[in-house]
2 protein chains.
Amino acid sequence: MTAPRRRADATENRARIIEAARAALAAGPQELKLNAVARQAGVGQGTLYRHFPTREDLLAEVYRQDVDELVAAAPQLLERHPPVEALARWFDRLVGYARVKRGVLTAVTAGAAQDLAAGSHGPIGDAVTALLAAGQAEGTIRPDVDARDVIVLIGYLSHLSEQEWEPRARHLLTVVLDGLRTRP
Amino acid sequence: MTAPRRRADATENRARIIEAARAALAAGPQELKLNAVARQAGVGQGTLYRHFPTREDLLAEVYRQDVDELVAAAPQLLERHPPVEALARWFDRLVGYARVKRGVLTAVTAGAAQDLAAGSHGPIGDAVTALLAAGQAEGTIRPDVDARDVIVLIGYLSHLSEQEWEPRARHLLTVVLDGLRTRP
DNA sequence: GACTGTAGCGGACACGTGTCCACTTATCCA
DNA sequence: TGGATAAGTGGACACGTGTCCGCTACAGTC
């Protein structure tokens with residue numbers, strides 16, 4: 001398991017790209033123009049795409065911190081609350097992040113999808129699985145759903161416009177949560 | 001309410017565009033390249049965009065037939081089944097259409113969204129509203145959801161890849177449906 | 001049938017995405 | 001230290017989207 005040894009300049013370029021992306025994102029989610037980011041970072045298009053093959057990869061990196069926090073929150077919530085409530089609070093947290101920076105949503109859903117395609121659950125998948133499993137063990141969450149199901153359902157958030165967010169995002173989360181619970 | 005009198009050539013161009021789009025779509029959903037459609041229809045780019053300002057508008061027109069059928073199905077289902085089952089069957093039907101031609105999904109969701117933005121419910125919104133209202137009247141569907149909520153939730157279908165469709169599309173529909181029902 | 005105002009046309013253009021590949025240079029090892 | 005080598009670079013290019021605007025020819029009028 002020797003580290004593949006990355007060249008120093010590559011590392012620095014990568015950092016500069018992320019920095020430039022963050023700056024662009026600060027000006028609005030749709031301001032993330034890959035060619036502009038490359039230029040801003042003083043790097044060729046090819047270099048950008050080498051480091052981040054897809055836009056989602058770049059987003060995932062920019063919001064890594066947030067996603068990590070979200071992942072870390074799952075077990076903590078489970079310690080302090082019954083499973084269904086832990087799941088509800090985790091959802092709520094996700095919506096909180098996503099409201100301010102929509103990119104987080106892309107990072108989460110795309111990240112999870114890629115991990116899954118790559119064979120593993122990935123950190124996000126694991127977090128959700130843990131939440132579900134706890135509820136399934138005690139019979140409060142329906143047994144026939146998995147992490148991917150939840151991630152897919154949550155995807156509805158990405159269709160919400162800015163004005164629709166406030167009235168619908170949280171509300172629909174409760175609908176989804178009810179769908180995930182077992183019927184008494 | 002006099003019809004604004006459309007020029008004959010405009011009507012014909014419009015028809016040719018739709019025809020070309022249908023042909024392109026037959027070769028795969030992602031084969032719908034607007035510039036190619038315009039060329040194929042023997043029409044300039046400008047003409048295409050004049051008739052169909054957005055890709056969704058074009059999709060909506062191509063799948064108009066299917067969407068109309070879907071809309072017409074709602075009251076029929078309500079006649080023959082209790083509200084919740086009618087809704088379930090309507091969902092099922094939607095998934096059926098969408099499986100073969102994903103474009104229908106875009107047509108439905110985008111169409112509904114535009115109608116809403118334009119102030120009215122639009123035909124799709126009306127159909128869903130009818131289904132919901134029936135269930136809400138008898139207390140089997142939660143009172144705090146509207147047609148737009150349902151359309152948004154259904155949006156998850158658009159994130160499903162070809163291989164994921166089979167195992168998840170219908171299954172998740174039951175989860176959503178459970179979320180929409182009142183808890184006993 | 002010629003005249004004309006305008007609805008409608010069409011294609012050039014600006015922009016963003018993503019790919020490709022000849023070249024450069026950081027790193028390793030003798 | 002200096003030469004080999006492959007990791008890494010960058011920017012030209014092909015493509016699709018959507019806009020803009022000067023021109024065309026259809027549809028009424030005389």
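Residue numbers begin at 1 in each chain, while the letters A, B, ... track the order of the sequences.
The CG atom of A:Leu160 sits 7.0 Å away from the CZ atom of B:Arg148 when rounded to the nearest 0.5 Å.
The side chain of B:Asn13 places an N or O atom within less than 4.0 Å of a non-bridging phosphate oxygen (OP1 or OP2) of C:dC9. Contact annotation: A:Thr47 reaches the phosphate of D:dG10 (side-chain N/O to OP1 or OP2, under 4.0 Å). A close approach under 4.0 Å does not occur between any side-chain nitrogen or oxygen of A:His51 and OP1 or OP2 of D:dG8.
The closest donor-acceptor contact from the side chain of A:Thr140 to the backbone of A:Gly135 lies under 3.5 Å.
Looking at heavy-atom distances under 4.0 Å, B:Ala8 makes contact with sugar-phosphate atoms alone, never a base. Heavy atoms of B:Leu32 sit under 4.0 angstrom from primed sugar atoms or phosphate atoms, though from no base atom. In this structure, B:Asn35 reaches the bases: a heavy-atom distance under 4.0 Å links it to at least one base atom across the strands shown. The residue A:Arg50 sits close to a base: some heavy atom pair falls under 4.0 Å.
In this structure, B:Gln30 places its CD atom where more than 12 heavy-atom neighbours from other residues, nucleotides or ligands lie under 6.0 Å away. Within 6.0 Å of CZ in A:Arg142 there are more than 12 heavy atoms belonging to other residues, nucleotides or ligands.
The OH atom of A:Tyr49 sits 16 Å away from the P atom of D:dC15 (whole-angstrom rounding). Computed from coordinates, the A:Leu48 CG to C:dT17 P distance equals 10 Å when rounded to whole Å. When the P atom of C:dC9 is taken as reference, atom CD of B:Glu12 falls 10 Å away, rounded to whole Å. Taking atom CZ of residue B:Phe52 and atom C1' of nucleotide D:dT17, one finds them 17 Å apart after rounding to whole Å. When the C1' atom of C:dT17 is taken as reference, atom CZ of A:Arg39 falls 14 Å away, rounded to whole Å. The nearest whole Å value for the distance from the CG atom in A:Leu58 to the P atom in C:dG18 is 11 Å. Note: CD1 (B:Ile17) to C1' (C:dG10) measures 11 Å, nearest angstrom. Between the CG atom of B:Asp57 and the P atom of D:dG18 there is a distance of 11 Å, given to the nearest Å.
When the nucleotides C:dG10, D:dG10, C:dG11 are ranked by their closest atom to the side chain of B:Gln45, C:dG11 comes out on top. With D:dT17, D:dT9, C:dG16 as the choices, the nucleotide that has an atom nearest any side-chain atom of B:Lys33 turns out to be D:dT17. Taking the side chain of A:Arg7 as heavy atoms from C-beta on, and the options D:dA27, C:dT25, D:dG10, the nearest nucleotide is C:dT25. Distances from the side chain of B:Leu34 to the nucleotides D:dT17, D:dG10, C:dG10 place D:dT17 closest. Looking at the side chain of A:Ala10, the nearest of the listed nucleotides D:dT17, D:dT9, D:dG10 is D:dT9.
Between the side chains of B:His171 and A:Asp144, at least one donor-acceptor pair of N or O atoms lies under 3.5 Å.
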